[in-house]
Amino acid sequence: MRNALYPKLALTNLFKNKSTYFPYMLTSVVCIMTSYSVTFIASNEGMPQVPGGAIALTLFFLGTLVVDIFSILVMFYTNSFLIKRRKKELGLYCVLGMEKRHVALVMLCELFFTAVVCIALGLLFGILFSRLMFLMLLYLLGFTTPFTFSVSVPCVISTIVLFSCIYGATLLYDLRSVHTTKPIELLHSGQKGEKEPKASWILTLLGVAALGGGYFIAIYFQNPVQAILLFFIAVLLVILGTFCLFTSGSIAFLKLLRRNRRFYYQPNNFISVSGMMYRMKQNASGLATICILSTMVLVTVSSTLCLYAGRRDMLYGMFPREISVSLFLREDTEKPEQLEQAFTQALSETGLAAQNRTACSSLTANVLCTDGVYSNVSDAAEMRDTAISLVRLSDYNAVEGAEPAVLAPDETIVYPVGDTAVPQTLNLAGSIIRVAQILEKPVFCDVGTYDGAQGFVLIVPDDRFLPLFSALTGISEADAADSLYFSAGFDVPDATAQQCAALANRISELFPEHMIRCRSAIVPEWDGTYGSFFFLGVFLGSLFMVATVLIIYYKQISEGYDDHDRFVVMQQVGLSKREVRRAINKQILLVFFLPLGMAALHMVFAFPIIRNIMRVFGLNNIGLFLACTCGTFLIFALLYIIVYRITARVYYRLVEV
């Protein structure tokens, strides 16, 4: 009988506290469901057979780590809310005669029932949801195949073990919290408020410095490689600065409002400002977390959406021709003729016609631009931020086939790679070259700069070809002549992907030991890569959005419980319900949209560094990235407003008498 008391008491507690336990259980079910689903896809044996599946598996393996870490953090956060609300009840048990070990048994039973129900429902929905996710992923990869429903037993076991450990860790945390607190303190914990915090100038200056440092990195470093290396440093600085400024800056802002007597000494403003000041430490931490999660949603979804939407532009930018090959000539000067013979014979055998044929020799130098001067650097630590490729004017005229272009010795025709700005003159290691013409589209297949780097393709007079490269790199003209990079290719109109692939295979047989690239054959892997990016980005963005909503919800619920007694007293001294609602709206609006505004500010400053990272992938369409970013923000802002309206009503119901 005595042993049966604790399970019954635990079940009673769960039902009576369903308003606080239901969100916690819903959070657990969502975490378990998503963890199983991602693990199921990451361990699916059929994925390597799907075009692009190998890359997708790698991405989803990394995704499982993110989801598991996310689940641990979110479940600990929601559990901390639960134990805070339950301390008064647990203290009452101790006052009525129960020992802390008996309270621990009740908590153990509660956790056991909660864990069993949540893990069972999470796995059930995860098994069903994993099927939907897999079908969506196959659609994004452009692959259609009958789906055979299956349940992965190893994934089920690993999910059960993981979340059993999480539940066990939260139980130990709760037991320690109860064990180290006196019963009378537990009983009155709900009535214990935050002391009025002080605005720390040291913390404020640290926040400004950290945020300024993150913004500086995002704006100043334009080199794509540097952008990748410094991105995570900038992220950490922005996170640190956000927490510091929300913790100290928000307090200073509220105190500034309090000093304004005309604003502060009005019923609505007085209640709102004093209410926020009362527990600003806890509030600021929650607001900073909401801001960081909101920024993560915006960055993750907008960047992966942009990569997916611009994947064709990147592919055609890197491979302007359907069939292409690039090779170093070095000592074998007969390779171009051999390649031309292979092209002609393969086209004749397959009955296909070639268009837009191109062939050229080029030399590419990675250089550093210092005060407008492009030159080589001897120090390996210096980051070469520009790729300059030189092409002979004769090769350009042969490809164009129209009226031959004529250039003076100090003139050049420029094709800017990416969004590189083209000045009127270029200083190449002391040689001043005037820009005679700017090309809008790439003319050649591959001259070493179509890989996402920033730079120029410079078409120069033949007699200036080697001297300019020697001046840029510091190597002799003879050595440069032995390192010529030859590229050739053509388009195949009205040919299917299978015909193009067969043509490329035949050219490879006739011209062995060199990779013949077929653009159509690359499309499945290309779609698989960026489809996986987009799928995982939206998936993780949705998880971050769920976390944002949960934190907002718990924040409003916690504040509603804390504010209830204060508003009861205020109504007893004459404050009307209309004034209560007006004060509530004012209090929420004072800081609720601050995280959204701060997230928008983070995105504005993050735009340059993310754009530079996109350039590494070969995406130079800044208009597309801007449209994806703005569209993502507008949709997120709409969802944010909806959450605000819902949680504001919940808060009002809690404080209303």
Side-chain angles (χ1 to χ4, degrees), residues 14 21-76 78-79 111-170 300 528 531-547 549-550:
L14 291 175
Y21 261 101
F22 177 75
Y24 173 72
M25 296 180 69
L26 180 62
T27 303
S28 300
V29 171
V30 170
C31 290
I32 295 168
M33 176 183 71
T34 53
S35 179
Y36 172 84
S37 301
V38 177
T39 306
F40 172 79
I41 295 179
S43 60
N44 193 291
E45 296 180 354
M47 282 296 294
Q49 282 70 46
V50 178
I55 298 175
L57 285 179
T58 302
L59 293 175
F60 271 88
F61 174 75
L62 298 175
T64 55
L65 299 178
V66 175
V67 171
D68 290 344
I69 295 173
F70 168 87
S71 300
I72 294 172
L73 296 176
V74 170
M75 288 186 66
F76 264 90
T78 52
N79 176 74
L111 182 77
F112 176 77
F113 294 141
T114 302
V116 170
V117 172
C118 292
I119 291 177
L121 291 176
L123 288 175
L124 175 62
F125 288 117
I127 291 170
L128 299 176
F129 186 59
S130 61
R131 177 180 182 180
L132 177 62
M133 285 182 60
F134 192 69
L135 291 175
M136 290 174 60
L137 179 60
L138 292 179
Y139 174 78
L140 290 175
L141 297 181
F143 188 78
T144 57
T145 183
F147 182 81
T148 303
F149 183 78
S150 62
V151 178
S152 175
V153 177
C155 292
V156 171
I157 295 175
S158 64
T159 304
I160 292 175
V161 171
L162 172 64
F163 284 89
S164 296
C165 293
I166 295 176
Y167 281 118
T170 57
T300 304
S532 302
F533 265 124
F534 178 54
F535 182 84
L536 194 58
V538 173
F539 184 76
L540 295 179
S542 301
L543 284 183
F544 297 148
M545 184 67 194
V546 169
V549 172
L550 287 172

Fill in the blank from the handout: Distance col, row L124:CG vs Y36:OH, nearest 0.5 angstrom, shows 10.5 Å
Practice task
Measure the SG-CG distance between C31 and D68 for me, rounded to the nearest 0.5 Å.
Solution key: 10.0 Å
Completion exercise
Interatomic distance, CZ@F163 vs CD1@I119, rounded to 0.5 Å, equals 8.0 Å
Exercise for the section: Indicate whether the side chain of T114 and that of Y167 have a donor and an acceptor atom separated by less than 3.5 Å. Expected result: no
Practice task
Could you tell me the separation between the CD1 atom of I166 and the CD1 atom of I72, rounded to the nearest 0.5 Å?
Solution key: 4.5 Å
Fill in the blank from the handout: Rounded to the nearest 0.5 angstrom, the CE-CG distance for M33 and L121 is 11.0 Å
Practice task
Could you tell me which non-hydrogen atom of L123 sits nearest to which non-hydrogen atom of V156, and how far apart they are?
Solution key: CD1-CG1, 3.9 Å
Fill in the blank from the handout: Between S35 and L162 the two heavy atoms that sit nearest each other are OG-CD2, 4.0 Å
Practice task
Look at atom CZ of F76 and say whether more than 12 heavy atoms of other residues, nucleotides or ligands are closer to it than 6.0 Å.
Solution key: yes
